[in-house]
Amino acid sequence: MDADRAGTRDALLWAMCWLVLIGTIVIDAAIPTVALSGSYGLAAVLAGALVTVRRTVVTGTAVVAASAMSFSWNDNLGSLEWGLRLVVAAALSATAVAIAASRQRRERRIARMTLIAETAQRAVLRALPTAVRDVGFAARYVSAAEEARIGGDLYEVVSTPYGTRAIVGDVKGKGLDAVQLAATVLGAFRRAAGSTPDLTGVARELDLVVTSVAGLEDFVTAVLVEFGLDGSLAVVNIAHLPPLLIHPACGALPQVLDTGDPVPPLGLHPQPTLVRTTWAPGTRLLLYTDGTTESRDNQGRFFEVTAHAGLLSQGTLEQALDRWVSALTHHVGHQFTDDVALVLAERRSDHT
């Protein structure tokens, strides 16, 4: 489908180049006192900037041919003016082909980089299970980089002897260094979550790992959640945004969980505290990164999480996150300035 759209777009742009060429010829022929044959090359330059090399060559050939034939309506065959304009048209056409070739090489390099980045991102962020025990899950990742969907936001869900555990975090920085640190944090979480009984102990293990591998100015924020088999929630917040509870009751207000006093991020030796609460069947929990709350519209207004929480209360988890991402994309006008990671969980009934 994307290839079809790209082909249609390329054909339309090529048609526009031909319209420029034909329009210039018509004006040149209609006004004998104005010789525009040297301007035919603008159509070739436009093609070089917009369409493929092959189509640019075809357009450039047509430009040179039209310039050569312009004597028939300009009545200047063999004159210095005719010769100069023919040379200009040929030079512009050759330049257009060079531009198209250079642009296509650059686009191929970007495509390869994008593929590498997406592969790295998929290796870091594995697909979440749709359900673990009595908790359903869905996740989304929105990258701020158009050329490469890569960044330092992270999430994971694992089943452990102590309950289902999840993490959503954000690495300071961008690019491959941030992805490398995110991968290290996720690997440490997967190991510690299954072997450490206390969720604060998991946080301390992550801090040791980040401290040992991160630079002096690098750190990671994260929120850890343990979904107990008895409907309990245990939350450890390390300098991250607190989770949002969306209650199933009609008209019930969303609840930003109180996760205790702020602590430094991972890598700066936090002393995290554990907060316990419960959630009823049907309740949903949103874990998210600050790319959500720091998103601004064209008037500088931030995206309000609680005001949009109703989008998450209806339909499946996948549908709810699709609505949320659509609203966020509309709010920022399709221009994200930071990556966004989202995990939406739902407690299902004991018999689901």
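- Residue V225 is tested with L287, N237, V135, V157 for a side-chain contact (heavy atoms from CB on, under 4.5 Å); the sole match is L287.
- Using a distance-only test at 3.5 Å, with no hydrogens or angles considered, no donor-acceptor pair links the side chain of S102 to the main chain of I99.
- Atom CD of E294 is separated from atom CG of D338 by 6.5 Å, given to the nearest 0.5 angstrom.
- For the pair E156/L128, a side-chain contact is recorded, criterion being any heavy-atom separation below 4.5 Å from C-beta on.
- The main-chain N or O of H269 is found under 3.5 Å from a side-chain atom of D207 such that the two form a donor-acceptor pair.
- To the nearest 0.5 Å, atoms NE2 (H240) and CG (L224) are separated by 10.0 Å.
- Proximity of a side-chain donor or acceptor of R323 to a complementary backbone N or O of L311 within less than 3.5 Å is detected.
- Between S70 and L86, every side-chain heavy-atom pair lies at or beyond the 4.5 Å cut-off.
- Taken to the nearest 0.5 Å, the CG atom of L244 stands 9.5 Å off from the CG atom of L344.
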Intermediate values then yes/no, side chain to side chain contact (heavy atoms under 4.5 Å, CB included), L257 and L285: CA-CA 10 Å; L257 285 182; L285 183 76; 4.0 Å; yes
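- Applying the 6.0 Å contact sphere to CD of Q314 captures no more than 12 heavy atoms from other residues, nucleotides or ligands.
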Residues E205, R191; criterion side chain to side chain contact (heavy atoms under 4.5 Å, CB included); working and verdict: CA-CA 10 Å; E205 289 289 333; R191 292 191 300 272; over 6 Å; no
Criterion side chain to side chain contact (heavy atoms under 4.5 Å, CB included) on T164 and F137, from CA distance to verdict: CA-CA 11 Å; T164 302; F137 292 99; 3.9 Å; yes
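- Formation of a donor-acceptor pair under 3.5 Å by the Y40 side chain with backbone atoms of I22 is not found in this model.
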Derivation and outcome, side chain to side chain contact (heavy atoms under 4.5 Å, CB included), residues L50 and M16: CA-CA 10 Å; L50 298 176; M16 182 178 68; 3.4 Å; yes
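- Side-chain contact of D153 with T289: a donor-acceptor pair under 3.5 Å is present, judged by distance alone.
- Looking at T200, its side chain never comes within 3.5 Å of a backbone N or O of P272 through a donor-acceptor pair.
- Taking the six-membered ring for Trp and thresholds of 30 and 60 degrees, F227 and W279 have ring planes inclined between 30 and 60 degrees apart.
- Within 6.0 Å of CD on Q104 lie more than 12 heavy atoms contributed by other residues, nucleotides or ligands.
- At a threshold of 4.5 Å between non-hydrogen side-chain atoms, the residues D218 and V171 do not count as touching.
- The shortest heavy-atom contact between A193 and V202 is CA-CG2, 4.1 Å.
- Looking at heavy atoms from C-beta onward, D322 lies in side-chain contact with R140 at the 4.5 angstrom threshold.
- Minimum interatomic distance between V343 and A139 (heavy atoms only, all atoms of both residues): CG2-CB, 4.2 Å.
- Ring geometry for H308 versus H331: interplanar angle over 60°, hence perpendicular rather than tilted (30 to 60°).
- Put simply, CZ on R348 and CZ on R133 are 14.5 Å apart, with the number rounded to the nearest 0.5 Å.
- With a 4.5 Å cut-off on side-chain heavy atoms, D10 and T52 count as touching.
- The shortest distance between side-chain heavy atoms of L186 and I167 falls below 4.5 Å.
- Shown here is D230, whose CG atom has more than 12 heavy atoms of other residues, nucleotides or ligands within 6.0 Å.
- S67 places a side-chain N or O within donor-acceptor distance of the main-chain N or O of V63, the cut-off being under 3.5 Å.
- The line from OG of S79 to CZ of R85 is 9.0 Å long, rounded to the nearest 0.5 Å.
- R55 has its side chain out of reach of L13: every pair of non-hydrogen atoms, C-beta onward, lies at least 4.5 Å apart.
- Here the straight-line distance linking atom OG1 of T292 with atom CZ of F302 works out to 13.0 Å at 0.5 Å rounding.
- Side-chain contact between L206 and F189 is present, with at least one heavy-atom pair separated by less than 4.5 Å.
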